[in-house]
Asker: 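Here it is: the structure, laid out below.
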Amino acid sequence: MDDNANQALMIAFGIFVFIIAMSATMYMFSLLTSTAEVLTFYTDETNFYDNVAVVGKEGIERYVNTETVIPTLYRYYKEHFCVKIYDTTGEAIDGSSEANPILAQMLDVNLEGKVEHAAKNTRINPINANDYEADALKKIYDDPSNTLLYMYGVPWLGSTDNMKTRIDYLINGDAGFINNKYVDYRNHPVHKMIELTKNDSKYQFKENFVSYSYTGETMTTEDGDVLVTGNESKDKIVITYTLVKLKDEG
């Protein structure tokens with residue numbers, strides 16, 4: 001009788017150990033899948049081009065010149081909207097023609113705040129989601145080799161005078177110190193794009209105005225805005241200027 005009881009206990013114990021092992025295995029597979037998804041997400045740099053989870057949007061498109069573009073650039077930090085500047089001609093960036101749209105500059109106070117914070121993250125090996133976010137942002141906006149989108153550590157943030165100076169440098173193709181940081185836009189294509197539209201009527205900016213409504217707090221889990229938390233409804237305006245070469249009529 002005792003032998004049967006002992007055998008039953010051993011079988012029960014074996015089943016118990018098997019259940020624990022299966023649970024641990026399933027947990028490890030789940031953890032591995034989650035980790036793989038996070039790593040894949042953080043390796044896609046386009047996630048950091050400040051997109052939002054959209055509930056609804058409405059777009060307006062028209063052709064404009066520098067008299068419209070330049071005042072808008074000076075307003076972005078006052079009114080907290082996002083401005084994206086693209087070149088489809090290729091002539092302002094690399095001398096080619098009929099190029100695919102190239103993002104030449106991104107102006108967004110929210111994004112700049114995230115980049116400033118990321119630039120201060122000096123940890124070499126990422127160990128959590130915040131580190132991965134900082135690492136991805138630095139590769140796009142805090143890398144001097146990325147001459148188009150480099151933000152110089154965002155030294156202008158927090159001062160309207162410094163932010164105005166930054167825009168002065170950008171549109172005039174100038175350089176100088178902002179908050180003890182040297183900012184150099186002398187060879188940046190935005191100045192060349194503006195000059196093209198001033199000097200040649202065949203070049204214009206196509207303006208696209210979009211008002212986004214989204215729910216939640218935009219959090220960079222890598223995508224400056226793909227992961228959202230909370231239920232608060234917010235609006236975001238994105239104005240896109242794309243340099244285009246108009247086709248000859250006739």
Side-chain angles (χ1 to χ4, degrees), residues 44-88 92 101-118 133 136-137 140-141 148-152 154 156-171 185 188-191 193-194 197 204-244:
D44 184 0
E45 292 185 353
T46 61
N47 285 329
F48 282 93
Y49 287 165
D50 199 40
N51 301 309
V52 294
V54 178
V55 174
K57 65 179 180 179
E58 186 176 319
I60 302 173
E61 190 173 278
R62 60 176 180 165
Y63 289 94
V64 299
N65 55 28
T66 55
E67 293 178 358
T68 298
V69 175
I70 291 177
T72 303
L73 300 186
Y74 281 109
R75 287 169 45 218
Y76 95 94
Y77 58 87
K78 298 176 182 177
E79 302 181 25
H80 287 256
F81 53 74
C82 171
V83 178
K84 300 179 181 180
I85 304 175
Y86 288 88
D87 179 18
T88 59
I102 299 173
L103 180 61
Q105 188 58 242
M106 169 87 79
L107 306 174
D108 187 336
V109 173
N110 293 330
L111 175 64
E112 291 165 15
K114 295 170 184 176
V115 174
E116 181 193 40
H117 181 74
E133 173 190 358
L137 286 171
I140 301 173
Y141 301 105
L148 293 180
L149 302 178
Y150 181 45
M151 290 188 179
Y152 298 91
V154 203
W156 51 81
L157 201 63
S159 167
T160 55
D161 289 338
N162 287 340
M163 298 184 90
K164 178 183 180 300
T165 300
R166 183 261 185 122
I167 300 300
D168 290 342
Y169 291 164
L170 183 65
I171 66 176
Y185 286 127
H188 199 280
V190 166
H191 170 63
M193 295 163 74
I194 289 173
T197 60
Q204 284 191 335
F205 285 102
K206 183 170 66 174
E207 179 189 68
N208 185 266
F209 181 97
V210 179
S211 178
Y212 292 90
S213 295
Y214 64 96
T215 301
E217 180 67 27
T218 58
M219 246 189 90
T220 13
T221 313
E222 176 182 324
D223 171 340
D225 282 307
V226 160
L227 292 187
V228 224
T229 60
N231 297 315
E232 184 181 355
S233 180
K234 299 182 180 181
D235 295 324
K236 179 168 183 173
I237 294 174
V238 178
I239 303 175
T240 301
Y241 290 111
T242 304
L243 180 68
V244 296

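Keep in mind that what you see is a predicted model, and the values were worked out from it rather than measured. Counting from 1, the numbers follow the sequence of the chain as shown.
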Asker: Applying side-chain hydrogen bond (donor to acceptor under 3.5 Å, both in side chains), name anything that partners T72, two or more places apart in sequence or on another chain.
Answerer: Y241

Asker: Ignoring hydrogens, what is the shortest heavy-atom contact between L149 and Y141? Give both atom names and the distance.
Answerer: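 Here L149 and Y141 meet closest at O-CD2, 3.6 Å.
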
Asker: Nearest 0.5 Å please: distance from the CD1 atom of I102 over to the CG atom of D87.
Answerer: 6.0 Å

Asker: Using 0.5 Å steps for rounding, measure from the CG atom of L137 to the CE atom of M151.
Answerer: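 Reported to 0.5 Å precision, the distance equals 9.0 Å.
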
Asker: Scan L243, T240, T242, T68 and name whichever one has a side chain to side chain contact (heavy atoms under 4.5 Å, CB included) with F205.
Answerer: L243

Asker: Atom OH in Y77, atom OG1 in T160: separation rounded to 0.5 Å?
Answerer: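 One gets 6.5 Å once the value is rounded to the nearest 0.5 Å.
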
Asker: Under the rule for side-chain hydrogen bond (donor to acceptor under 3.5 Å, both in side chains), what residues qualify as partners of E79, not counting sequence neighbours?
Answerer: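 side-chain hydrogen bond (donor to acceptor under 3.5 Å, both in side chains) check on E79 returns R75.
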
Asker: Apply side chain to side chain contact (heavy atoms under 4.5 Å, CB included) to T165 and list each qualifying residue two or more places apart in sequence or on a separate chain.
Answerer: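 T165: side chain to side chain contact (heavy atoms under 4.5 Å, CB included) contacts with Y169, I178.
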
Asker: Starting at CH2 of W156, measure out to CD1 of I167 and round the result to the nearest 0.5 Å.
Answerer: 8.5 Å

Asker: Got more than 12 heavy atoms from elsewhere within 6.0 Å of NE2, H191?
Answerer: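 Buried by this count: over 12 neighbours within 6.0 Å.
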
Asker: Once side chain to side chain contact (heavy atoms under 4.5 Å, CB included) is applied, do any residues pair with K78, and if so which ones, sequence neighbours excluded?
Answerer: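 None.
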
Asker: With a 4.5 Å limit on heavy-atom distance, are the side chains of V69 and V64 in contact?
Answerer: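 Contact flag for V69/V64 side chains = yes.
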
Asker: Applying side chain to side chain contact (heavy atoms under 4.5 Å, CB included), name anything that partners Q105, two or more places apart in sequence or on another chain.
Answerer: I85, L107, R166, L170, Y185, H188, V190

Asker: Measure across F81 and I237 and return the closest heavy-atom pair with its distance rounded to 0.1 Å.
Answerer: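 F81 and I237 have their closest heavy atoms at CB-O, 3.3 Å.
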
Asker: If I compare all heavy atoms of C82 with all of D108, which pair ends up nearest, and what's the gap?
Answerer: CB-OD2, 3.5 Å

Asker: Would you please name every residue forming a salt bridge (Lys or Arg N to Asp or Glu O under 4.0 Å) with K164, sequence neighbours left out?
Answerer: D168

Asker: Are M163 and Y76 packed together at the side-chain level, in the sense that at least one heavy-atom pair is separated by less than 4.5 angstrom?
Answerer: yes

Asker: Could you tell me which residues satisfy side chain to side chain contact (heavy atoms under 4.5 Å, CB included) with E116, sequence neighbours excluded, listed by chain and number?
Answerer: K120, V154, L157

Asker: Can you list the residues that meet the side-chain hydrogen bond (donor to acceptor under 3.5 Å, both in side chains) rule with N65, with sequence neighbours excluded?
Answerer: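 In terms of side-chain hydrogen bond (donor to acceptor under 3.5 Å, both in side chains), with neighbours along the sequence ignored, N65 is linked to no residue.
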
Asker: Applying side-chain hydrogen bond (donor to acceptor under 3.5 Å, both in side chains), can you list everything that pairs with Y63, at least two apart in sequence or on another chain?
Answerer: none

